[in-house]
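This report refers to the structure that appears directly beneath it.
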There are 2 protein chains.
Amino acid sequence: MATSKGKKQLDQSTEEKIKAAARKVFHQKGYAATRTRDIAEESGINLALISYYFKSKENLYEIITLETVFKFMHNLAVVFHDESSSFDEKIEQLADRYIDFISKEPDIPLFILTAMRNNPVKFGDKIPLKTIVLESIFYQQFQEKLQEGNHADISPLQYLLNLVSLIIFPFVAKPVFQNITGTKDSQFHKMMQERKKLIPIWIKSMYSKP
Amino acid sequence: MATSKGKKQLDQSTEEKIKAAARKVFHQKGYAATRTRDIAEESGINLALISYYFKSKENLYEIITLETVFKFMHNLAVVFHDESSSFDEKIEQLADRYIDFISKEPDIPLFILTAMRNNPVKFGDKIPLKTIVLESIFYQQFQEKLQEGNHADISPLQYLLNLVSLIIFPFVAKPVFQNITGTKDSQFHKMMQERKKLIPIWIKSMYSKP
DNA sequence: GTCTATAGGGGGATAGAC
DNA sequence: GTCTATCCCCCTATAGAC
């Protein structure tokens, strides 16, 4: 039952402590505003150990970013490649999983969006995003739906944008939204839960013939 | 015809040069990653003049941020308070104006979103966001629409979130989207232009009775 | 108002003891 | 593996000449 590192499961290894702290601080403040000293304090380890285990701040950041993007896209991959679910069920599952995921990790969307803008190429090379989307069962089912023809005009790319926008943007805009509307955290959370059911319905309406 | 500063209109004052450069660099890289030296180089002025005119980097950043948020919300205010247009026309105008605006200033949405997350209170106090939205003609017209009752259930807040999400998010997600789909800049621009017409239609469909 | 020169502090990284 | 002490560069801000 020991881990591969031969440590107890209860207390993390130093390496893992650093990564957990780095994840937290980088997600919250971004690369430039984060000091290695913040990570050291957050994790309770000694500053010098960051260099010992990860060589540089930049290297640590790259590791965290790659892992974060992977984790985020994992939900997508699981749903997109599920053989047992229908197209409509996949939409429901996407809304459900991502709204839960982002509710628990609210800093991740802005973190990824910023990381990708600052360095679009680097991460594009290392993460098989195209494969996940374009070679998925979801994409096949999408093509079949287009063949049926009993829908309003669908551009697959616009469809994808709409789906993702409706799911993710409210979380990114949360501070602005709460500022304008005076919505409290509990209300906001309730609204996001409602969107799990509403988004699939809305998406269907958008593409049904009039 | 002279400006209040008594300078020619053709070449900007030093103060304006600095602000223009600061705007550009802050929008692109954010506060922490921006060095005052970047702003000096970008504007072609001497580093010491930034302190002379604006005292500190932080103060300059605050000025830029406030102006940016004002400028962004101005489109909203103009459309929301227009007495001559109908509710549906306002939706069309919003999509139209914001898609044009963000196309020209693509860094602004992420800049504002990040600024508001890092300091939600400060800007909330200084910008009359609530007034712009909740005391607008748009909001009145919205209430009237609710009274009519010939629509699917509408939560005003969810409606607002959907509208804004569909307009803004594609621009924020542009790097990720292009990475996944291989879409080029020209294609992306064309898609956003199409959305000017599509978003009002989609929004209507979402809220029409089945 | 604009420049040069520099103060002063902070932050990433490492040497070397334990 | 972990710690203390410190190096050294870089960045903001300012003093002071022009």
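Owing to the predicted nature of the structure, the values given are computational and were not obtained by experimental measurement. Below, read A as the first sequence line, B as the second, and so on, with proteins coming before strands; counting in each chain starts at 1.
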Margin query: If the condition is side-chain contact (heavy atoms from CB on, under 4.5 Å), which residues does A/E16 pass it with, not counting sequence neighbours?
Written below: A/Q12, A/S13, A/K19, A/R23

Next item on the list: Answer yes or no for A/K126 and A/F70: cation-pi contact, defined as NZ/CZ to six-membered ring centre under 6.0 Å and angle to ring axis within 45°.
Entry: no

Notebook entry, point to check: Would you call A/K204-A/D88 a salt bridge at under 4.0 Å N-O?
Noted result: yes

Notebook entry, point to check: Angle class for the B/Y159/B/F87 ring planes (parallel below 30°, perpendicular above 60°, tilted otherwise)?
Noted result: tilted

Check: Rounded to the nearest 0.5 Å, what separation is found between the CD atom of B/E15 and the CZ atom of B/F54?
Finding: 4.5 Å

Margin query: So that I know where these two stand, are A/F80 and A/Y139 an aromatic pair - ring centroids less than 6.0 Å apart?
Written below: no

Item checked: Rounded distance in Å - CD (A/E41) to P (D/dC3) -> 14 Å

Checklist line | Annotated protein contacts, base or backbone, on nucleotides 4-18 of chain C with a non-hydrogen cut-off under 4.0 Å, one of B, S, - each | finding: B------BBBB----

Notebook entry, point to check: Which residues within residues 17-28 of chain B lie with some heavy atom under 4.0 Å of an atom in DNA chain D?
Noted result: none

Margin query: Is there a side-chain hydrogen bond (donor to acceptor under 3.5 Å, both in side chains) between A/N75 and A/Q93? Walk through the geometry before answering.
Written below: CA-CA 9 Å; A/N75 293 291; A/Q93 284 173 26; over 6 Å; no

Next item on the list: Kindly say whether the aromatic ring centers of B/F26 and B/F111 come within a distance under 6.0 Å.
Entry: no

Note to self: Rounded to whole Å, how long is the line connecting atom CD1 of B/I50 with atom P of C/dC3?
What the structure shows: 12 Å

Notebook entry, point to check: Base, sugar-phosphate alone, or nothing: which one does B/Y53 contact when heavy atoms must sit under 4.0 Å apart?
Noted result: sugar-phosphate

